[in-house]
Amino acid sequence: MKYLKSFKFWILLLVVAYSAIGFLFLPWFLVNKTPQILKGKIGINLKIAKADFNPYSFELTLHHVVLDDLDHKPVLSIKKFYINYTLLGLFDKTLLFKKIEINSPKLYAKFQKDGIFNLSNIVHTSSQKAPSTKTSETSLPHIMLDTLSIKRGAIVYQDNHEGKNFQYDLGPYNFTARDISTQKDRINSYSFKTSLQGKGSIFWKGGMGINPLKVYGIIRVNNLNLSKLYRYALPDIKASLDHGILNLNLPYQIIFHKGMKVNIDQASATLSQLIMTQKDNQKALLNIPKLEVKGVNLKWPKQSLLIDQAHLSDANIHPVLQKDGLINFMSLMEPIRKNKTVSQAQTITPVKPWKYLIHSITAHNMHVNFTDKTLAKPLLSRLKNIQLTIKNISSKKTDPIRVKLSATLNKDTNINASSTIIQAPLGSESSIKLSHLRLSDFNPYLNPFINFKIKNANVDVNATLKADFGTQNNINLLANTKIYNL
């Protein structure tokens, strides 16, 4: 029994016991006992197929982790979860993790037919404690993580409530974050990339600091198809979005310190192949091959918005003046009425007005087919090859807005106009030039005032119009008119 007094024996025994606990007991406990404890305490349905732990390198690997909701339907599955902890941080009173890697996680987010969201159906309601109303200032523990990696992830979103039967797939995605820390003024970096429905993609890259919390970075959205999201978000709108592609470039900075501050600098967006029709008869509403918005700058809570340029190319728009005097776009963008209880009007709290400036809005080669149904017989007027420029749209009511327009009306009427508009006091000064205006196109408007029909006549107009709706309502029109081929 001399070996019982041997120091080497006890060291060896300690090493064997420690190894047995680390290599054998802890993995067995995680696989067999941890799910049972969680099930008994809070009702969580968790399964772990296999666990590996190295007590010397402090590496833990969980294989095929599955989380079900209370109805035993899948919520989350992870093919492999790996964590590597190091003791070196203890010298600095820090929990230091070298790496956390999550391989092939798949999240199922689902609104069921009864309206219950599966992510809220993971634990028993009796175990969900009400949030405490007491506030206390406590410092965060020192935690550092060198690398967080998520590979080949996927998210499946479903909504079966109220017969929607909607599903949207996000992934496979990859996420990497480095130098995560709870220490003050420490900044970590992260990147995220995913595909959307197999065609579009999102790329997100930036950094984050904790204590105080601040995030910054850039989000790029490529080839996001909007039609499916539109049908899901706005199912009751009478206008249908048949097609539309979004590309977005969004640099941002958000600081959470004494409130929230948001800065967006030089963001841009492009809408392409935008097609809208009426749901009931599939008649065309608009077709926009390309709409670009550049140089978007936003600051909150300063509430300032600056846009350098918005440009519309080769658009076809089909407005209709209906018999009730409303443009079709106004009624078609209203939701389809359903038998729902109308809530009482709520008091609207006045908000701080925004400061805004749009330097330039331009439209190139735009076509407008305008139908007037207020007449006895609907009249179609076509504006073709529209070139439109609007400059300096500002919240400063005294700053002039400048408008320039050229277009062809119907067959050969040329329109050229320019105007300067002041919002306060309201007024404008315009120059208008019409060439080869065909009066016969407007017989339906003239018929109530004349007892004859114009078969052929052309009019040229060169006019200056000044309007002042400030202290007095004054309109001055100076025009030179020529009528020929009557």
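Please read these numbers as outputs of a predicted model, since none were measured by experiment.
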Side-chain contact test, heavy atoms from C-beta onward, threshold under 4.5 Å: evaluate it for [X] versus [Y] and give yes or no.
X: Gln303; Y: Leu305; result: no
X: Thr270; Y: Leu246; result: no
X: Asp308; Y: Gln266; result: yes
X: Leu437; Y: Leu409; result: yes
X: Ile254; Y: Tyr216; result: no
X: Leu291; Y: Leu274; result: no
X: Thr147; Y: Leu145; result: no
X: Leu285; Y: Phe329; result: yes

How close do [X] and [Y] get, heavy atom to heavy atom, and via which atoms?
X: Ala269; Y: Leu248; result: CB-CD1, 3.9 Å
X: Asp159; Y: His161; result: OD1-N, 3.0 Å
X: Pro319; Y: Asn328; result: CA-OD1, 3.5 Å

Whether over 12 other heavy atoms sit under 6.0 Å from [X] [atom1]:
X: Lys384; atom1: NZ; value: yes
X: Lys323; atom1: NZ; value: no
X: Lys302; atom1: NZ; value: no

For [X], give me all partners under side-chain contact (heavy atoms from CB on, under 4.5 Å), at least two apart in sequence or on another chain.
X: Leu380; value: Asn369, Thr371, Arg382
X: Tyr445; value: Asp372, Leu375, Leu379, Phe442
X: Leu388; value: Ala363, Ile386, Ile390, Val403, Leu405
X: Ser227; value: Asn225, Arg231

Spacing of [atom1] belonging to [X] relative to [atom2] belonging to [Y], to within rounding of 0.5 Å:
X: Thr420; Y: Lys466; atom1: OG1; atom2: NZ; result: 11.0 Å
X: Met366; Y: Asn316; atom1: CE; atom2: CG; result: 10.0 Å
X: Gln158; Y: Asn165; atom1: CD; atom2: CG; result: 8.5 Å
X: Leu298; Y: Ser304; atom1: CG; atom2: OG; result: 6.5 Å
X: Ser268; Y: Arg220; atom1: OG; atom2: CZ; result: 9.5 Å
X: Lys99; Y: Ser149; atom1: NZ; atom2: OG; result: 6.0 Å

Is [X] reaching over with its side chain to a backbone N or O of [Y], donor-acceptor style, under 3.5 angstrom?
X: Asn392; Y: Pro400; answer: yes
X: Asn118; Y: Lys110; answer: yes
X: Ser240; Y: Lys279; answer: no
X: Asp460; Y: Asn458; answer: no
X: Asn247; Y: Asn223; answer: yes
X: Thr194; Y: Gly171; answer: yes
X: Asn160; Y: Lys113; answer: no

Query raised in the report: Are the aromatic rings of Tyr157 and Tyr168 close, with centres under 6.0 Å apart?
Result: no
Query - Validation row, ring centre Phe192 to ring centre Tyr173 under 6.0 Å - result: yes
Query - Inter- and intrachain pairs under side chain to side chain donor-acceptor pair (under 3.5 Å), touching residues 398-417, at least two apart - result: Asn410-Asp441
Could you tell me which residues satisfy side chain to side chain donor-acceptor pair (under 3.5 Å) with [X], sequence neighbours excluded, listed by chain and number?
X: Asp324; answer: none
X: Gln322; answer: Ser331
X: Asn103; answer: Arg152

Query - Criterion side chain to side chain donor-acceptor pair (under 3.5 Å) on His311 and Thr362, from CA distance to verdict - result: CA-CA 5 Å; His311 181 68; Thr362 56; 2.6 Å; yes
Requested in this report: Name all residues meeting the ring-ring contact (aromatic ring centres under 6.0 Å, His included) criterion together with Phe111; count only those two or more places apart in sequence or in a different chain, and write none if there are none.
Outcome: Phe117
Report summary line: So the salt bridge (charged side-chain N to carboxylate O under 4.0 Å, His left out) pairs with at least one residue in residues 66-77 (sequence neighbours excluded) are none
Query raised in the report: Which residue pairs pass the salt bridge (charged side-chain N to carboxylate O under 4.0 Å, His left out) test when at least one of the two sits in residues 283-299, sequence neighbours left out?
Result: Lys290-Glu292
**Report entry** Derivation of the side chain to side chain contact (heavy atoms under 4.5 Å, CB included) call for Ile219 and Tyr252
**Finding:** CA-CA 8 Å; Ile219 298 174; Tyr252 67 93; 3.8 Å; yes
Requested in this report: Please lay out, stage by stage, how Val75 and Ile122 fare under the test side chain to side chain contact (heavy atoms under 4.5 Å, CB included).
Outcome: CA-CA 8 Å; Val75 172; Ile122 297 175; 4.1 Å; yes
Please output the side-chain donor-acceptor pairs of residues 426-436 that fall under 3.5 Å, not counting sequence neighbours, one pair per line with the distance.
from   : atom 1 : to     : atom 2 : distance (Å)
Ser430 : OG     : Ser419 : OG     : 2.8
His436 : ND1    : Tyr484 : OH     : 2.8

Query raised in the report: Run the ring-ring contact (aromatic ring centres under 6.0 Å, His included) check on Tyr190 and Trp204 step by step: do they pass?
Result: CA-CA 8 Å; Tyr190 52 83; Trp204 178 22; 5.2 Å; yes
Distance-only side-chain donor-acceptor flag, [X] / [Y], under 3.5 Å:
X: Asn474; Y: Asp468; answer: no
X: Asn385; Y: Gln387; answer: no
X: His359; Y: Gln309; answer: no

Query raised in the report: What do the steps show when you test Val459 against Lys482 for side chain to side chain contact (heavy atoms under 4.5 Å, CB included), and what is the final call?
Result: CA-CA 5 Å; Val459 178; Lys482 178 182 177 181; over 6 Å; no
Query raised in the report: How far apart are the C-alpha atoms of Leu76 and Tyr108, what are their side-chain angles, what is the distance that settles it, and do they pass the side chain to side chain contact (heavy atoms under 4.5 Å, CB included) test?
Result: CA-CA 6 Å; Leu76 174 68; Tyr108 300 87; over 6 Å; no
Query raised in the report: Within 45° of the ring axis of Phe256 and under 6.0 Å from its six-membered ring centre, is that where the NZ or CZ of Lys261 lies?
Result: no
